[in-house]
Amino acid sequence: MLTFALKINAFKAKILSNVKKFFYLKILGKKYYRKGECLKCGRCCKNIYVKHGKKFISDEKLFSKLKPLHPFYFDLEIIGKDDMGLVFACKNLDEKTKMCKIHKKREKICKDYPMEEILKMGGTLADGCGFRFEPIEKFSDVLNNISKFRQKGVKKYKKAK
């Protein structure tokens, strides 16, 4: 009886996992699961790139024009510039405690950090970040699916001749 209950639980877990996978891949359009937790180190509040449209903000004049469009921009301070664009730091980071001074009222971008878009834009998480991204589909599964698809295509092509 115990073995049967374990099999039922395993079956339920597999179905739940497949539903979750479908939801993330097909409904949300995600490629990765965000795992881990915030270690409250404050590194994500430094060396920030801000994207406007499809590009990172790279000009101080443009940033000045955009500032009134979003309240979050007033919390940012330009600390440098590199090949990608302007580099910002958040003014709300308390350097002593490494905590956000407005944590309860922080912007959605901060609440949702880190987002998958970081990877899509070629970025990485801060060194030592407690979060990580894990692919929803394993690379080997993707290759197997491609291989199966190609085999079906070859069989259909041969039948059509």
Please report the closest heavy-atom contact between [X] and [Y], naming both atoms and the distance.
{"X": "Lys46", "Y": "Leu93", "value": "CE-CD2, 3.6 Å"}
{"X": "Leu125", "Y": "Pro114", "value": "CD2-CB, 3.4 Å"}
{"X": "Ala126", "Y": "Cys44", "value": "CB-N, 4.5 Å"}
{"X": "Phe131", "Y": "Gly36", "value": "CE2-O, 3.6 Å"}

| said: Between Glu137 and Lys21, is the side chain to side chain contact (heavy atoms under 4.5 Å, CB included) condition met? List the steps. | reply: CA-CA 8 Å; Glu137 289 186 297; Lys21 184 176 176 180; 3.6 Å; yes
State the [atom1]-[atom2] distance between [X] and [Y], to the nearest 0.5 angstrom.
{"X": "Ile57", "Y": "His52", "atom1": "CD1", "atom2": "NE2", "value": "7.0 Å"}
{"X": "Leu76", "Y": "Glu107", "atom1": "CG", "atom2": "CD", "value": "9.5 Å"}
{"X": "Thr97", "Y": "Glu95", "atom1": "OG1", "atom2": "CD", "value": "9.0 Å"}
{"X": "Lys105", "Y": "Asn92", "atom1": "NZ", "atom2": "CG", "value": "11.0 Å"}
{"X": "Asp112", "Y": "Arg106", "atom1": "CG", "atom2": "CZ", "value": "9.0 Å"}
{"X": "Leu86", "Y": "Asp59", "atom1": "CG", "atom2": "CG", "value": "7.0 Å"}

Just so I know, are the side chains of [X] and [Y] near enough to count as touching, which here means a heavy-atom distance under 4.5 Å?
{"X": "Val87", "Y": "Asp82", "answer": "yes"}
{"X": "Leu119", "Y": "Thr124", "answer": "no"}
{"X": "Lys12", "Y": "Leu16", "answer": "no"}
{"X": "Asp83", "Y": "Phe56", "answer": "no"}

Do the side chain of [X] and the main chain of [Y] share a donor and acceptor less than 3.5 angstrom apart?
{"X": "Glu77", "Y": "Cys90", "result": "no"}
{"X": "Arg34", "Y": "Glu134", "result": "no"}
{"X": "Glu116", "Y": "Tyr32", "result": "yes"}
{"X": "Lys81", "Y": "Ser58", "result": "yes"}

| field | Criterion ring pair (Phe, Tyr, Trp, His ring centres under 6.0 Å) on Phe88 and Tyr49, from CA distance to verdict | value | CA-CA 6 Å; Phe88 299 91; Tyr49 294 95; 8.4 Å; no
Any chain of hydrophobic side-chain contacts (each under 4.5 Å) joining [X] to [Y]?
{"X": "Ile136", "Y": "Phe22", "answer": "yes"}
{"X": "Val50", "Y": "Leu66", "answer": "yes"}
{"X": "Tyr113", "Y": "Leu28", "answer": "no"}
{"X": "Ile15", "Y": "Tyr24", "answer": "no"}

| task | Starting from the C-alpha separation in whole Å, work towards a yes-or-no answer on ring pair (Phe, Tyr, Trp, His ring centres under 6.0 Å) for Tyr33 and Phe133. | result | CA-CA 6 Å; Tyr33 292 124; Phe133 287 104; over 10 Å; no
| message | Set out, in order, the CA-CA distance, both residues' side-chain angles and the distance that settles side chain to side chain contact (heavy atoms under 4.5 Å, CB included) for Lys67 and Phe74, then state yes or no. | response | CA-CA 6 Å; Lys67 219 172 184 179; Phe74 286 101; 4.0 Å; yes
| query | Would you find more than 12 non-hydrogen atoms of other residues, nucleotides or ligands less than 6.0 Å from Lys55 atom NZ? | reply | no
| Between Phe63 and Tyr73, how do the two ring planes meet: parallel, tilted or perpendicular, split at 30° and 60°? | tilted
| query | Salt-bridged, Glu60 to Lys65, with N to O below 4.0 Å? | reply | no
